[in-house]
Amino acid sequence: MRSVPSIVHLDLDAFFAAVEQRDKPSLRGKPVIVGGVGTRGVVATASYEARVFGVRSAMRTAEARARCPHAAYLTGRFAAYRITSRAVMAVLREISPLVEPVSLDEAYVDLAGDATRDLSTAGVEELATALKERVREVTGGVTASVGAGTSKLVAKIASDLRKPDGLLVVEPGTETDLLHPMPVGRIPGVGPATAERLRRIGVHTVGELARAGEPDLVAALGQAHGHGLARLAMAEDDRAVVPLRESKSISAEDTFEHDIVDPALLAAIIDRLGTRVSERLTRERLSGRTVTVKIRLFDFTTYTRSATLAGPTDDVRVVNRLARRLLAEVDTSAGVRLLGVGVSGLADWVQEDLFGSAADVDLVDPRPRGASDVELVEAVGRPPAAREHRTAPTGPGTGDGPGDGPTSEQRVPREPEPPRWAPGQDVIHTAHGPGWVWGTGLRRVTVRFETAATGPGPVRTFATDDPDLAPYTPLTWDPGLRVSPKARPASPAR
DNA sequence: TCTGGGGTCCTAGGACCC
DNA sequence: TCTGGGGTCCTAGGACCC
């Protein structure tokens with residue numbers, strides 16, 4: 001355990017909503033809700049003005065609309081969030097190379113590497129105060145809450161306690177004084193299910209958790225969780241700040257506005273998701289061995305089916321073919337609400353580096369537990385070494401031609417076109433300049449012509465297919481809140 | 001118009017190997 | 001012939017986080 005508060009946790013306040021308020025001046029000081037705007041959407045982030053009405057993350061958007069009908073409901077602009085996040089992470093790396101991003105809006109920093117630094121409570125407070133100001137500068141006004149302490153746990157809880165726009169450095173030695181009165185749910189990793197199990201053995205606060213015997217906790221929660229929580233409750237946390245975490249899986253999923261029954265359409269969607277995942281794998285120079293399909297039925301029952309290839313791949317044909325087979329293992333006739341495709345077992349190199357053609361990796365591990373009614377192209381034993389694999393025979397169904405998929409011969413269904421305009425989206429008009437989609441109707445789209453630089457601007461309505469209106473991507477910001485001159489329309493109207 | 005999308009980690013059971 | 005135990009890999013599901 002450290003003796004100085006050298007771990008810092010930074011959390012950007014209501015991050016997505018804050019970026020929207022920065023870029024859409026008419027929304028500043030008003031309730032803003034970012035998330036899914038459809039009937040099955042949920043809230044990703046609510047601005048503090050919206051939280052007053054009880055709107056919370058993960059709440060259904062329908063409920064948020066009931067609680068706060070006058071809020072602006074926007075779909076996310078992740079490119080903008082990513083750019084802003086990158087600027088913040090760069091500021092953190094100016095302080096220390098040991099920066100561990102947790103998500104776009106959260107990171108840990110380890111200050112301990114630099115022996116010359118003043119790591120007294122006052123010294124860290126001073127550093128954190130300057131950090132908050134720097135973050136505000138480079139983000140164009142987004143505020144952060146900062147916590148610091150002798151461990152990740154304490155730093156994280158400290159930043160939570162001072163949200164929003166706050167700062168707390170926990171004096172070394174006082175950690176358990178801070179933690180013990182708190183409800184157990186404040187510990188990251190204790191969600192509703194764990195809290196309920198703890199309640200059943202009479203544990204409600206962190207203090208009670210600390211006094212509970214570890215054997216009881218292990219009995220109630222399992223080895224890893226029980227042991228881990230027993231330690232955290234006593235503020236024993238030696239988890240390191242890890243700058244570069246390698247990803248372990250890549251996935252894509254979609255929830256549909258209406259349940260889908262048509263098997264051909266489901267297969268087409270699986271292909272689209274598999275393609276998204278494969279493209280990401282290729283772009284990030286990764287490949288993986290295990291393909292997983294996730295199927296959520298109309299009633300929310302959720303199945304996953306996975307299979308492991310003999311060798312890693314990023315080949316869209318291999319991923320899609322296997323994903324379709326896995327989809328066929330589940331009875332989807334009652335209606336599917338969500339489909340997902342994921343690839344895990346990632347290797348840091350692409351399959352072509354070790355194996356020859358894509359066809360060679362189309363070998364699925366046999367599933368000796370039987371039960372699978374899909375025809376496996378070729379049953380192999382335990383994952384063979386790369387060498388053996390090279391000579392593996394190519395079976396039928398290896399190509400990408402029609403007939404490979406169970407339904408592709410019947411017809412190629414068209415997926416419903418996604419709406420062309422989404423609330424919150426950046427657009428540009430040849431006459432009026434840059435703005436954002438304020439509202440959408442069946443034939444009309446309403447645009448507010450304002451940017452962070454111009455201040456609140458007028459609203460105009462256009463036909464949805466107006467050729468003068470186009471999607472727009474402001475490529476960069478400068479810290480002075482201006483859309484840079486390099487900004488350009490993203491693409492001609494689709 | 002109940003319940004997103006991207007992840008991580010853990011558990012448990014069966015197969016299989018030594 | 002019978003009784004085993006440990007370790008690893010794989011699959012399915014669940015809890016949790018942001």
Side-chain angles (χ1 to χ4, degrees), chain A residues 9 11-12 14-16 33-45 56-66 75-76 78 81-82 85 101-107 152 156 159-160 185 187-198 218 221-229 239 242 245-259 273 276-277 280 289-310 326 329-330 337-346 364-372 380-384:
Chain A
H9 180 257
D11 197 328
L12 297 163
F15 179 52
F16 299 169
I33 291 162
V34 179
V37 296
T39 53
R40 286 177 166 174
V42 300
V43 174
T45 308
R56 295 283 178 271
S57 291
M59 176 182 282
R60 283 177 299 115
T61 301
E63 187 181 344
R65 283 189 199 276
T75 59
F78 281 85
Y81 309 151
R82 232 173 269 123
S85 177
V102 178
S103 62
L104 289 179
D105 66 347
E106 217 184 289
K152 279 184 163 180
K156 163 97 175 147
S159 69
D160 270 1
I187 295 184
V190 178
T194 304
E196 173 57 23
R197 286 187 193 184
L198 289 173
V218 168
L221 307 174
Q223 179 57 45
H225 212 182
H227 175 71
L229 279 187
R239 290 171 298 165
V242 184
R245 285 225 133 92
E246 282 174 6
S247 47
K248 313 233 157 138
S249 67
I250 285 181
S251 65
E253 63 184 55
D254 256 344
T255 294
F256 315 119
E257 205 68 9
H258 304 285
D259 297 337
L273 294 167
R276 243 153 75 185
V277 170
R280 267 193 66 195
R289 284 183 60 219
T290 302
V291 174
T292 301
V293 165
K294 178 171 164 185
I295 300 143
R296 177 118 76 207
L297 300 184
F298 70 101
D299 62 354
F300 226 72
T301 56
T302 305
Y303 299 94
T304 62
R305 290 292 178 269
S306 63
T308 299
L309 296 158
L326 292 166
E329 289 183 21
V330 174
R337 162 192 187 98
L338 169 149
L339 279 183
V341 173
V343 173
S344 57
L346 299 186
V364 181
D365 269 357
R367 292 152 47 94
R369 282 69 78 191
S372 168
V380 293
R382 308 194 52 74

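In what follows, chains carry the letters A, B, and so on, assigned in the order in which the sequence lines appear, proteins first and then strands, with residues in each chain numbered from 1. Since the model is a prediction, treat every value here as computed from it, not as a measurement. As a basis for the values below, the full set of heavy atoms in this structure was taken, side chains included, without hydrogen atoms, waters or symmetry mates.
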(request) Report yes if some heavy atom in the side chain of A:L339 is under 4.5 Å from a heavy atom in the side chain of A:D254; otherwise report no. (result) no
(message) Is the ring pair A:F16/A:F78 parallel, tilted or perpendicular, if the boundaries are 30 and 60 degrees?
(response) perpendicular
(request) May I ask you to evaluate whether A:S103 reaches the phosphate of B:dG7, defined as a side-chain N or O under 4.0 Å from OP1 or OP2? (result) no
(message) Looking at A:R280, I'd like to know whether one of its side-chain N or O atoms comes within less than 4.0 Å of OP1 or OP2 on B:dG7.
(response) yes
(request) Decide yes or no for A:L346 and A:S247: does some side-chain heavy atom of the first lie under 4.5 Å from some side-chain heavy atom of the second? (result) yes
(message) Whole angstroms only, please: what is the NZ-P distance between A:K152 and C:dC18?
(response) 13 Å
(request) Report yes if at least one side-chain N or O of A:R337 is closer than 4.0 Å to OP1 or OP2 of B:dC2; otherwise report no. (result) no
(request) Mind calculating the distance between NE2 (A:H225) and C1' (C:dC17) to the nearest angstrom? (result) 12 Å
(message) By the 4.0 Å heavy-atom rule, please label A:V190 as base, sugar-phosphate, or nothing.
(response) sugar-phosphate
(request) Take atom CZ of A:F300 and atom C1' of B:dC2, then tell me their distance rounded to the nearest Å. (result) 9 Å
(request) Write down the distance between CD (A:E63) and P (B:dG4), rounded to a whole number of angstrom. (result) 13 Å
(message) Contact between A:V37 and A:R65 at the side-chain level, heavy atoms closer than 4.5 Å - yes or no?
(response) yes
(request) Kindly say if A:R296 contacts the phosphate of B:dT3, meaning a side-chain N or O under 4.0 Å from OP1 or OP2. (result) no
(request) Please check the phosphate of C:dC16 (OP1 and OP2 only) for any side-chain N or O of A:T194 closer than 4.0 Å. (result) yes
(request) Return the nucleotide paired to B:dC17: Watson-Crick means purine N1 to pyrimidine N3 with N6-O4 or O6-N4, wobble means G-U with N1-O2 and O6-N3, both under 3.5 Å. (result) C:dG6
(request) Verify the contact: side-chain N or O of A:T302 to OP1 or OP2 of C:dG13, cut-off strictly under 4.0 Å; return yes or no. (result) no
(request) May I ask you to say what A:R197 touches in the nucleic acid, namely base, sugar-phosphate or nothing, with a heavy-atom cut-off under 4.0 Å? (result) nothing
